[in-house]
Novice: 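Sending over a structure as C-alpha cells; questions will come in a sec.
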Amino acid sequence: MKRKYETVVVFDGSLPDETINKEQEKIEAFLKENAEFGEADIWGKRNLASVIKKKTIGFYIFFVYTGENDMPEKMEKLFKLNQRILRHMTVLFVPKAVISQKELEKKPEEEEGEE
Amino acid sequence: MRDNKFRKKRKKVCFFCKNDVKPNYKNIEIIGRMVTERGKIVPRRMTGTCSKHQRTLATAIKRARNIGFLPFVSENIR
C-alpha cells in the first residue's frame, strides 16, 4: 500500500554548500529509484533550539515522496551511517500545514474574492 | 467595581478548529505559542484547545523538539 511520507534531514550547518548539495542529490537519486519522488523543500541554515551532537547550526531539507510502507526503514538505513547528518525524521505527510501566520491572515481575503 | 467573581469569562475557542488547520511540527510560529518560556507544553485549560487537537499538538511539539525547532528546556531564563 503506497503512502505519502515526509522526511526531514538536518545536515551539519558548518559543512560547505557543495557537500550538502551532493548529499541532497544522493538522497534524491535514492528516492527516485525506490519511490515516487515528490519534492525537496530546502529551508537552509537555522540555529538549532537545542545542541545536537555538539553542533548549534543545522541545514534543513524536507523531502516529500510516495512509497511502500518499508520506505521509513530504508531511509533509516541510508541515514544511519552518514556522519554528516545530525538528525533525520520520517513521518506521514500531513496536508494543510500552514507554515506562517501570514498565510493564516491571507485566508479571509481569498474567501471574499471567491463570492 | 463589584467583585469580579461574577464577571462573565470570555469563552476560549480552539485555535485549530477556528482556523481549520492541523497542528504540524513545521509551523513553529503557531506551536511555539503553545509552549511556556521554559519550553513546556501549555495545558488545554489555558489555551482552550480541544482534546483532539491537543493530542496532535503534543506530538507536533515533540517532533519539533526532536529536530531542533523547539528547545527541550530553555535554560537561559532568569
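Hydrogens, waters and symmetry mates play no part in the numbers below; they use all other heavy atoms, side chains included. Worth saying up front: this structure is predicted, and the values here are computed from it rather than measured. Within every chain, numbering begins at 1; the chains are lettered A, B, ... in the order of the sequence lines, protein sequences first and strands thereafter.
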Novice: Given a strict heavy-atom distance threshold of 4.5 Å, which part of B:Leu70 is in contact with chain A: side chain, backbone, both, or neither?
Specialist: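 For B:Leu70, the backbone is the part near chain A, not the side chain.
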Novice: Determine whether A:Phe79 and A:Phe37 fall in the same hydrophobic cluster, where Ile, Leu, Val, Met, Phe, Trp and Tyr are linked whenever their side-chain heavy atoms lie under 4.5 Å apart.
Specialist: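 Hydrophobic grouping puts A:Phe79 with A:Phe37.
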Novice: Output the distance between atom CG (A:Leu48) and atom CD1 (B:Ile67), rounded to the nearest 0.5 Å.
Specialist: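 Going from the CG atom of A:Leu48 to the CD1 atom of B:Ile67 covers 10.0 Å.
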Novice: With a sphere of 6.0 Å drawn around NZ of B:Lys62, does it hold more than 12 non-hydrogen atoms of other residues, nucleotides or ligands?
Specialist: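 Atom NZ in B:Lys62 is not packed in, count stays at 12 or less.
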Novice: Check whether A:Arg87 reaches the backbone of B:Asn66 with its side chain - one donor and one acceptor, N or O, closer than 3.5 Å.
Specialist: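 Here the side-chain-to-backbone pair exists.
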Novice: Please name the pair of heavy atoms, one in A:Ala49 and one in B:Pro71, separated by the smallest distance, quoted to 0.1 Å.
Specialist: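 In terms of heavy atoms, the two residues are closest at CB-N, 3.3 Å.
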Novice: Is there a path from A:Leu92 to A:Tyr65 through hydrophobic residues (I, L, V, M, F, W, Y) whose side chains come within less than 4.5 Å of each other?
Specialist: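 Per the 4.5 Å side-chain linkage, A:Leu92 and A:Tyr65 are co-clustered.
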Novice: Would a single hydrophobic cluster contain both A:Val8 and A:Phe59, if residues Ile, Leu, Val, Met, Phe, Trp and Tyr are joined by side-chain heavy-atom contacts under 4.5 Å?
Specialist: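 A:Phe59 does not cluster with A:Val8.
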Novice: Quick one: are A:Glu6 and B:Tyr25 in side-chain contact, heavy atoms under 4.5 Å?
Specialist: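 Yes, close enough: below the 4.5 Å cut-off.
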Novice: If hydrophobic clusters are built by linking Ile, Leu, Val, Met, Phe, Trp and Tyr wherever their side-chain heavy atoms come under 4.5 Å apart, do B:Phe69 and B:Val35 end up in the same one?
Specialist: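 Yes, one cluster joins them.
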